Amino acid sequence: MTSPRTMALAAIIHYDCTTHTWARTSAEVAADMVARYPAPREWGVTARHIARVAREKGWSNRLRGSGTPVMQGTPKTFSMDEELAAMDGGRGYDGEELVA
C-alpha cells in the first residue's frame with residue numbers, strides 16, 4: 001500500500017520532471033526538488049526516494065541512469081573506429097588522406 005506522502009512525492013516528481021525534463025538522474029531530481037519545493041526539503045528527499053517512487057510508478061526508463069553521461073565521454077564513432085582498427089579493419093579509407 002502506498003502512503004499519502006509517497007503519492008504526494010510521486011505527484012511532485014511528475015510535475016517537476018514534466019516541467020524541467022526527465023533526462024536527469026535520481027540524484028539530480030532529488031537535489032533540484034529539495035532546492036525548489038518546501039515539502040521535499042522538509043521530508044529530506046534523497047536519490048533513493050526518487051528511484052523507489054520512479055520504480056513503483058514505472059518511470060525508471062524515463063530517468064537517466066547514474067552511469068549515463070550527458071554529452072560526455074568518447075563519441076560512439078571514435079569508439080567504433082578504435083574497435084575496427086583493433087580487428088585490423090577500418091572504414092575503407094585512410095583518415096590522413098581526408099585531412100587537407
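Note that the structure is a prediction, hence the values are computed from the model and not measured.
- Atom CD1 of residue Ile13 and atom CG of residue Leu63 lie 8.0 Å apart, to the nearest 0.5 angstrom.
- Remark: Ile50 CD1 to Glu28 CD distance equals 12.0 Å, nearest 0.5 Å.
- Heavy-atom minimum distance, Thr46 versus Ala30: C-CB, 3.6 Å.
- Nearest heavy atom pair, residue Val34 against residue Val45, reads CG2-O, 3.7 Å.
- Pairs of residues two or more places apart, or lying in two chains, never qualify as ring-ring contact (aromatic ring centres under 6.0 Å, His included) while including a residue from residues 24-45.
- Side-chain heavy atoms closer than 4.5 Å link hydrophobic residues (I, L, V, M, F, W, Y) into clusters, and following such links, even through other members, never connects Tyr15 to Met7.
- The salt bridge (charged side-chain N to carboxylate O under 4.0 Å, His left out) contacts involving residues 13-23 comprise Asp16-Arg24, Asp16-Arg36, where partners must be two or more places apart or lie in separate chains.
- The minimum heavy-atom distance between Lys57 and Ala10, with the atom names listed, is CE-CB, 4.0 Å.
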| Worked check of side-chain contact (heavy atoms from CB on, under 4.5 Å) between Met33 and Leu9 | CA-CA 10 Å; Met33 287 179 56; Leu9 183 57; 3.6 Å; yes

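- Judged purely by atom type and a 3.5 angstrom limit, His20 has no side-chain atom pairing as donor or acceptor with the backbone of Cys17.
- Once rounded to the nearest 0.5 Å, the distance linking CZ of Arg64 with OG1 of Thr21 reads 9.5 Å.
- Across Arg41 and Ala35, no two heavy atoms sit closer than the pair NH2-O, 3.3 Å.
- For the pair Thr6 and His49, the minimum side-chain heavy-atom distance is 4.5 Å or more.
- His14 meets the ring-ring contact (aromatic ring centres under 6.0 Å, His included) test with Trp22, Trp59; sequence neighbours excluded.
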